[in-house]
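Data block below; observations after.
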Amino acid sequence: MNPLQLEYFRQKLLRWRAELLEDSTETLASMQQENLAQPDLADRASMETDRAIELRTRDRERKLIAKIDEALDRIANGSFGYCEETDEPISLKRLEARPIATYSLEAQEMHERSERTRRDD
C-alpha cells in the first residue's frame with residue numbers, strides 16, 4: 001500500500017473515531033440532564049429501557065474505538081492492510097468497507113466457518 005493510501009485510511013479512521021467520541025459525549029450530556037424521577041411508572045420504565053439501549057450502543061462503540069486505535073497503530077507500524085492469518089494484502093475494497101479489518105475476505109470466511117462448526121458441535 002502506498003503512503004497516499006495509508007494516509008487516506010488514517011484520516012478515515014480518525015474521522016470515524018472523532019464521530020464516535022462526539023456521540024459518546026452527547027450521550028453523557030443528555031443522560032446527565034435526564035430526570036428519571038418520572039411520576040408515571042410506564043414513562044419511567046420506557047426511559048430506563050431507552051437508557052439501557054443507549055448504554056449498550058455506547059459499549060459497542062467503545063469496543064469499536066479500541067479497534068480503530070489498533071488499526072491506527074497498524075498504520076504506524078506498517079502492518080495495516082495485511083491479513084493476520086495469511087500475511088497477504090487485504091483488498092482495498094474490503095478496507096474501504098471495513099477499515100478495521102484484520103483478515104482478508106477469504107481468511108475471514110474461513111474463520112467464521114470455523115466458529116460456526118465449533119458452535120454447532
Side-chain angles (χ1 to χ4, degrees):
M1 189 174 304
N2 69 45
L4 189 60
Q5 291 168 323
L6 285 172
E7 183 59 21
Y8 167 80
F9 284 111
R10 192 177 80 75
Q11 290 299 320
K12 182 175 181 128
L13 289 162
L14 289 171
R15 281 191 305 275
W16 192 11
R17 187 179 193 285
E19 289 171 14
L20 292 171
L21 289 173
E22 185 179 323
D23 289 348
S24 178
T25 302
E26 289 172 7
T27 298
L28 285 174
S30 73
M31 286 183 151
Q32 289 172 347
Q33 293 173 357
E34 254 179 30
N35 181 8
L36 283 180
Q38 294 288 327
D40 183 33
L41 287 176
D43 287 345
R44 182 177 176 148
S46 177
M47 284 182 72
E48 288 177 0
T49 300
D50 291 347
R51 179 175 267 201
I53 291 168
E54 188 70 28
L55 289 173
R56 276 197 307 271
T57 300
R58 294 298 156 233
D59 186 51
R60 282 194 305 273
E61 288 178 351
R62 179 186 56 79
K63 292 173 185 173
L64 182 54
I65 288 170
K67 289 182 179 187
I68 291 170
D69 289 340
E70 290 170 4
L72 289 166
D73 288 344
R74 287 193 306 277
I75 288 173
N77 71 26
S79 63
F80 181 81
Y82 291 94
C83 179
E84 289 182 355
E85 184 90 14
T86 64
D87 289 328
E88 295 292 319
I90 299 171
S91 73
L92 290 175
K93 193 174 180 180
R94 175 157 169 75
L95 288 171
E96 180 63 35
R98 187 148 179 87
I100 59 173
T102 57
Y103 293 117
S104 65
L105 186 58
E106 298 79 17
Q108 182 68 37
E109 288 171 348
M110 281 187 349
H111 183 71
E112 289 173 3
R113 275 194 300 273
S114 173
E115 280 183 350
R116 264 186 257 127
T117 302
R118 280 184 289 208
R119 220 178 344 175
D120 292 343
D121 289 343

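A salt bridge does not link Asp59 to Arg56: none of the charged side-chain nitrogens sits closer than 4.0 Å to a carboxylate oxygen. Taking 4.0 Å as the cut-off between side-chain N and carboxylate O, Glu19 and Arg15 do not count as a salt-bridged pair.
For the pair Glu96 and Phe9, the minimum side-chain heavy-atom distance is below 4.5 Å. The side-chain heavy atoms of Asn2 and Leu6, taken from C-beta on, include no pair separated by under 4.5 Å. The closest side-chain heavy-atom distance from Glu48 to Arg51 is not below 4.5 Å. Asp50 places none of its side-chain heavy atoms less than 4.5 Å from the side chain of Glu54. The shortest side-chain heavy-atom distance between Thr102 and Lys67 does not fall under the 4.5 Å cut-off. Residues Glu70 and Ile100 form no side-chain contact, since every pair of their non-hydrogen atoms from C-beta on lies 4.5 Å or further apart.
Residues Lys12 and Pro99 come closest through the heavy atom pair CE-CG, 4.0 Å. Of all non-hydrogen atoms in Ser104 and Thr86, the two that sit nearest each other are OG-OG1, 4.5 Å. Of all heavy-atom pairs spanning Ile68 and Leu13, the tightest one is CG2-O, 3.6 Å. Nearest heavy atoms, Tyr103 versus Arg94: O-NE, 2.8 Å. For the residue pair Cys83 and Ala107, the shortest heavy atom distance occurs at SG-CB, 3.6 Å.
Note on Phe80 and Tyr82: separate hydrophobic clusters, where clusters join Ile, Leu, Val, Met, Phe, Trp and Tyr whose side-chain heavy atoms are under 4.5 Å apart, directly or indirectly. One hydrophobic cluster, built from ILVMFWY side chains closer than 4.5 Å, holds both Leu64 and Leu95.
Between the CD atom of Glu61 and the CZ atom of Arg17 there is a distance of 12.5 Å, given to the nearest 0.5 Å. How far CD of Glu112 is from CZ of Arg116: 6.0 Å, rounded to the nearest 0.5 Å. Of the inter-residue distances, the one linking Leu14 atom CG with Gln11 atom CD reads 5.5 Å to the nearest 0.5 angstrom. Separating the OG atom in Ser114 from the CD atom in Glu109 is a distance of 13.5 Å, to the nearest 0.5 Å. Separation of atoms NZ (Lys93) and CG (Leu105) is listed at 10.0 Å; rounding is to 0.5 Å. The line from CE of Met110 to CD of Glu85 is 5.5 Å long, rounded to the nearest 0.5 Å.
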Could you walk me through whether Arg58 and Thr27 pass the side-chain hydrogen bond (donor to acceptor under 3.5 Å, both in side chains) test, one step at a time?
CA-CA 8 Å; Arg58 294 298 156 233; Thr27 298; 2.6 Å; yes

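A distance-only check finds no donor-acceptor pair linking the side chain of Ser46 to the backbone of Ala42 [under 3.5 Å]. Judged by distance alone, the side chain of Thr117 and the main-chain N or O of Arg113 form a donor-acceptor pair under 3.5 Å. In this structure, Thr25 contributes its side chain and Leu21 its backbone to a donor-acceptor pair below 3.5 Å.
Contacts of Glu88 classified as salt bridge (Lys or Arg N to Asp or Glu O under 4.0 Å), with partners at least two apart in sequence or in another chain: none.
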